[in-house]
2 protein chains.
Amino acid sequence: MSSEPKKRVLIIEDDPEIRSSFAMIVDSSQKFTVVNSYGNCEDAIKHLHTDKPDIVLMDVELPGGMNGIQGTKIIKEKSPNSDIIMVTVYEDSEMVYEALKSGASGYITKSANYMELLTALEEITKGGAPMSSKIARMVIDNFHLNPNSPLTKRETEILQLIAEGKTYTQISEELFISKETSKTHIKNIYSKLQVRSKSEAIAKANQDKLI
Amino acid sequence: MSSEPKKRVLIIEDDPEIRSSFAMIVDSSQKFTVVNSYGNCEDAIKHLHTDKPDIVLMDVELPGGMNGIQGTKIIKEKSPNSDIIMVTVYEDSEMVYEALKSGASGYITKSANYMELLTALEEITKGGAPMSSKIARMVIDNFHLNPNSPLTKRETEILQLIAEGKTYTQISEELFISKETSKTHIKNIYSKLQVRSKSEAIAKANQDKLI
DNA sequence: CCAATATCACCTAATTAGAGTCATTTTTCG
DNA sequence: CGAAAAATGACTCTAATTAGGTGATATTGG
């Protein structure tokens, strides 16, 4: 058990109090150690190759040029095997999605106490994705398709093919219908979605979760 | 405390043993009660209006015409306020995504024991999304953008506008560049992604998580 | 400084896509 | 069953996009 090397944790957080509070909690554990902590992303990125963090605790709201989302992107480029946990006061849905897209694998709030923080570190070490119930639900809800789509089954099928980049001709070949029929369906789709091009239809479909 | 009405749980599961085992666990709780259990979706849907479930435990692999994913879609149409928890033996990523898209708000395995099942019911009642660490990570990973995109910042920016359904003209207006420049960028994007149309570019972008 | 990026322009030709209107057959659902 | 919805198909015409170039200048990042 003692042979397990401690996981290297990097902290990026501008508030010195939170920084040292988090550092103390992390260092109190047998399984984790703080390799470094910075008040901004730029400094952290400079020393990434020597810090070699297994886990990064990243504040979203950061002073200076780079916020936590941009920083996460860069750290993920330079150190793909580092797992990043976003730390924030906000649970705004757009920010959560942007953070996750940028490469974060967990999302906890700054109000996290001793247990919550260590549990998150444990979770991510085990290959999980620590997040609050609320965040988990937001993420899941983001998957849900609209059960009240105005489109018919066939139209949805065709919209899917459009979203795969297929042309009229390819769609008609794939569905064994004439090109004219594809065009009719697509015209009806456009009219229902109030759009006037394939790309717009795809955008609307994603927005309204139709496919 | 005693005034809280019990949450109505519906079980859809073809294996009679699992069905009764789950039913016993649910009924053992003060907070939940099994309103009914069925071996297939068709029967469950017929009695939805009288069963009025708050929570549905839905088996993915079901005999007969309708599987759990199709069933979830229909139940969500007819009873949008019912929360659906998927129950399965598999943790295949495509199946998980399909289940979530169809409207499930949780995902647990059939090996779930007493505690796990009740915890999942509690979680979903509180507005959370019960799922295993592994599933949570799969879901999060699905968000992650490719940090090694072949596109430049500007190209990515333009690809985003394409994905929003914008035309050449709109893109050039929005970015304060000439239409010819938009075309040049888009030509370069097509060449890098090896596609030949906007829709194909969007499809490729989603596939490779470029935007 | 050099390479990559971003910007702009002009060319020809072919293909695809979009808008409008109409008609027939099949399915679905009350 | 019968009406409505859905799916199929065809025609015309115009607009937009794509394919293939070629070449140039300004800016930026390492």
Side-chain angles (χ1 to χ4, degrees), chain A residues 42 45-46 48-49 65-66 70 73-74 77-78 148-205 210, chain B residues 42 45-46 49 65-66 70 74 77-78 148-205 210:
Chain A
E42 287 85 347
I45 289 166
K46 273 179 202 148
L48 247 193
H49 52 292
M66 205 184 296
Q70 300 166 304
K73 275 198 189 123
I74 294 176
E77 276 175 47
K78 297 188 185 293
N148 300 117
S149 168
L151 304 181
T152 68
K153 258 203 186 78
R154 194 57 154 177
E155 286 164 353
T156 304
E157 202 177 354
I158 285 172
L159 185 54
Q160 246 151 7
L161 294 177
I162 290 175
E164 288 169 17
K166 305 283 169 67
T167 64
Y168 288 171
T169 312
Q170 289 174 315
I171 292 173
S172 55
E173 279 167 0
E174 203 153 317
L175 299 181
F176 304 107
I177 57 181
S178 89
K179 192 194 265 189
E180 290 303 320
T181 304
S182 306
K183 286 172 77 168
T184 302
H185 281 305
I186 292 173
K187 272 183 277 190
N188 291 335
I189 292 171
Y190 287 177
S191 143
K192 286 183 181 177
L193 302 186
Q194 295 181 273
V195 298
R196 9 187 7 98
S197 73
K198 286 188 178 184
S199 318
E200 259 192 289
I202 298 173
K204 187 81 172 176
L210 304 179
Chain B
E42 287 85 346
I45 290 166
K46 274 181 202 148
H49 52 294
M66 206 184 295
Q70 299 165 305
I74 294 176
E77 276 175 47
K78 297 188 186 290
N148 300 117
S149 169
L151 304 182
T152 68
K153 256 202 187 78
R154 195 56 156 177
E155 285 164 354
T156 303
E157 202 177 354
I158 286 173
L159 185 53
Q160 246 152 5
L161 294 176
I162 290 175
E164 287 168 18
K166 305 283 169 66
T167 64
Y168 288 170
T169 313
Q170 289 173 316
I171 291 173
S172 55
E173 279 167 0
E174 203 153 318
L175 299 181
F176 304 106
I177 56 179
S178 88
K179 193 194 258 186
E180 287 303 319
T181 305
S182 305
K183 284 173 72 173
T184 302
H185 282 305
I186 292 174
K187 271 188 274 192
N188 290 335
I189 293 171
Y190 286 177
S191 144
K192 284 184 183 178
L193 302 186
Q194 295 182 275
V195 298
R196 21 187 72 250
S197 73
K198 287 187 179 181
S199 316
E200 257 191 291
I202 299 173
K204 188 81 173 174
L210 304 179

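Small disclaimer: the values here were computed from a predicted structure and weren't measured. Proteins come first, then strands; the chains are lettered A, B, ... in the order of their sequence lines, and each starts at number 1.
Residue A:I186 contributes atom CD1, which lies 13 Å from atom C1' of C:dA19 at whole-angstrom precision. Atom pair A:R196:CZ and C:dA17:C1' shows a separation of 12 Å (rounding to whole Å applied). At whole-Å resolution of the value, CG in B:N188 and P in C:dC8 are 14 Å apart. For the pair B:E180 CD and C:dT12 C1', the interatomic distance rounds to 13 Å; values are reported in whole Å. Atom CD1 of A:I202 is separated from atom P of C:dA17 by 11 Å (rounded to the nearest Å). In this structure, A:E200 atom CD and C:dA17 atom C1' are separated by 13 Å, rounded to whole Å.
Checked against salt bridge (charged side-chain N to carboxylate O under 4.0 Å, His left out), B:K46 has the following partners two or more places apart in sequence or in another chain: B:D43. In this view, A:E77 and B:P147 satisfy the side chain to side chain contact (heavy atoms under 4.5 Å, CB included) rule, not counting sequence neighbours. Remark: B:K78 pairs with no residue by the salt bridge (charged side-chain N to carboxylate O under 4.0 Å, His left out) rule, at least two apart or across chains. With sequence neighbours left out, the side chain to side chain contact (heavy atoms under 4.5 Å, CB included) criterion links B:A163 to B:I202, B:I211. Applying the side-chain hydrogen bond (donor to acceptor under 3.5 Å, both in side chains) rule to A:R154 yields the partners A:E157; only residues at least two apart in sequence or on another chain are considered. Under the side-chain hydrogen bond (donor to acceptor under 3.5 Å, both in side chains) criterion, A:E200 pairs with no residue, sequence neighbours left out. For the salt bridge (charged side-chain N to carboxylate O under 4.0 Å, His left out) test, residues two or more places apart in sequence or in another chain that qualify with B:K192 are B:E155.
Note that the first and last nucleotides of DNA chain D, 5' to 3', having any atom under 4.0 angstrom from a heavy atom of chain A are D:dA6 to D:dC11.
Near DNA chain D, meaning a heavy atom under 4.0 Å from it, residues 152-177 of chain B has B:T167, B:Y168 in order of number.
Nearer the 5' end of DNA chain C, as judged by each residue's closest nucleotide, is the contact made by B:P150, out of B:K179 and B:P150. Looking at which nucleotide of DNA chain D each of B:T184 and B:K198 is closest to, the 5′-most match is held by B:K198.
With rounding to the nearest 0.5 angstrom, the CD1 atom of B:I158 is 7.5 Å from the OG1 atom of B:T152.
Using a 4.5 Å cut-off on side-chain heavy atoms (C-beta onward), A:L151 and A:N188 make no contact.
Listed by first then second residue, pairs satisfying side-chain hydrogen bond (donor to acceptor under 3.5 Å, both in side chains) with a partner in residues 173-183 of chain B read B:K166-B:E174, B:S178-B:T181, not counting sequence neighbours.
For C:dG18, the OP1/OP2 oxygens have a side-chain nitrogen or oxygen of A:Y190 closer than 4.0 Å.
Between the two ends of the helix from C:dT12-D:dA19 to C:dG30-D:dC1, each summarised by a five-pair axis, the helix axis turns through 40° (rounded to 10 degrees).
Residue-level contact check: A:K187 touches the bases, meaning some heavy atom is under 4.0 Å from a base atom. At a threshold of 4.0 angstrom between heavy atoms, the contacts of A:S197 are confined to the sugar-phosphate backbone, with no base atom among them.
Formation of a donor-acceptor pair under 3.5 Å by the B:Y190 side chain with backbone atoms of B:K198 is found in this model.
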